[in-house]
Amino acid sequence: MKALVVVDVQNDFCKGGALAITDADNIISVVNKTIQFFNDNNFLVIGTKDWHPANHKSFAINSNGKIGEIGTLNNLPQIWWPEHCVENTFGSEFHPNLLEIKNVIYKGTDSEIDSYSGFFDNGKLKSTNLFNTLKDNQVSEIYVLGLATDYCVKHTVLDALDLGFKVYVIEDGCKGVNLSPDDSKYAFKEMIKNGAYIIKSDDLT
Ligand code: VGL
Ligand code: ZN
């Protein structure tokens with residue numbers, strides 16, 4: 001079985017959002033085309049949501065940090081982010097033009113620790129339901145796209161590879177934060193080095 005994992009295509013990462021990624025909205029048509037392809041073929045479609053309580057410690061304001069600087073959270077290096085994807089707010093909803101996704105995985109729900117991967121928090125202390133959902137559906141190959149290339153897409157892909165999945169990343173369906181200008185480029189390199197295949201949405205037939 002094949003599964004599509006749509007990573008964090010939420011308002012706060014899109015135009016006008018609290019952690020808006022440049023040109024994020026340009027991926028929506030690619031993401032929708034890909035969702036449609038997976039639906040048409042009766043493959044599994046899963047969406048992840050970054051889903052933080054308002055007191056989440058990755059938010060600069062809750063950790064006495066400066067946005068974009070690095071500190072420590074739960075003994076791990078942590079980038080301080082603006083408040084984003086607060087649970088049950090407009091910012092944490094999927095982009096309004098995104099096709100409906102029935103299977104949703106929530107991550108970053110523990111205020112004490114950040115979670116870039118759709119599978120585990122950054123310290124790998126707890127897991128989400130993503131692995132079990134994939135296992136229950138006998139998924140062996142996953143296709144990943146969404147936001148952001150250099151954080152949640154990358155970490156979801158690396159964990160999926162670690163867990164033994166064959167992983168394809170749909171390049172034109174991803175955009176990165178790029179705190180440093182080449183972060184997305186290096187993210188793709190790291191994913192490739194660890195065994196991911198980089199494809200274009202048009203390669204899906
Ligand atoms: C993300 C930064 C903070 C992401 C989530 O979805 O890539 N990035 N929280
Ligand atoms: Zn977050």
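Index from 1, following the sequence. One-based numbering, in listed order, for ligands and for the atoms of each.
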Would Asn62 and His56 count as a side-chain hydrogen bond (donor to acceptor under 3.5 Å, both in side chains) if you check the C-alpha gap in whole Å, the side-chain angles of each, and the deciding distance to 0.1 Å? CA-CA 7 Å; Asn62 294 331; His56 199 267; over 6 Å; no
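- Under the ring-ring contact (aromatic ring centres under 6.0 Å, His included) criterion, Tyr106 pairs with Trp51, not counting sequence neighbours.
- At least one N/O/S atom of His52, from backbone or side chain, sits under 2.8 Å from the Zn ion (ligand 2).
- Short contacts between ligand 1 and Ala148, defined as distances under 4.0 Å to a heavy atom of the residue, involve ligand atoms 4 (C), 6 (O), 7 (O).
- Using a 4.0 Å cut-off to heavy atoms of His84, the atoms of ligand 1 that qualify are 3 (C), 9 (N).
- A side chain to side chain donor-acceptor pair (under 3.5 Å) with Lys107 is found for exactly one of Asp114, Thr48, Asp50, namely Asp50.
- Here Asp202 pairs with Lys33 in a salt bridge; the nearest charged N to carboxylate O distance falls below 4.0 Å.
- Remark: among candidates Asp150, Asp50, Val153, Thr149, the nearest residue to atom 9 (N) of ligand 1 is Asp50, based on non-hydrogen atoms.
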As a quick check of understanding, evaluate side-chain hydrogen bond (donor to acceptor under 3.5 Å, both in side chains) for Asp40 and Gln36, giving each step before the final call. CA-CA 6 Å; Asp40 290 346; Gln36 193 64 54; 3.1 Å; yes
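- Looking only at N/O/S atoms, Asp50 comes nearest to the Zn ion (ligand 2) through OD2.
- Close approach of ligand 1 to Leu147 is summarised as follows: ligand atoms under 4.0 Å from at least one heavy atom of the residue are 6 (O), 7 (O).
- Sorted pairs that involve residues 64-75 and meet side chain to side chain donor-acceptor pair (under 3.5 Å), not counting sequence neighbours, are lacking altogether.
- Residue His84: an N/O/S atom is found under 2.8 Å from the Zn ion (ligand 2).
- Among all non-hydrogen protein atoms, the one lying nearest atom 1 (C) of ligand 1 is Cys152 SG, 3.3 Å.
- Around the CG atom of Leu76, the shell of radius 6.0 Å holds more than 12 heavy atoms that belong to other residues, nucleotides or ligands.
- The single protein non-hydrogen atom nearest to atom 8 (N) of ligand 1 is Tyr151 CB, 3.9 Å, given as residue, atom name and distance.
- The single protein non-hydrogen atom nearest to atom 6 (O) of ligand 1 is Asp8 OD2, 2.6 Å, given as residue, atom name and distance.
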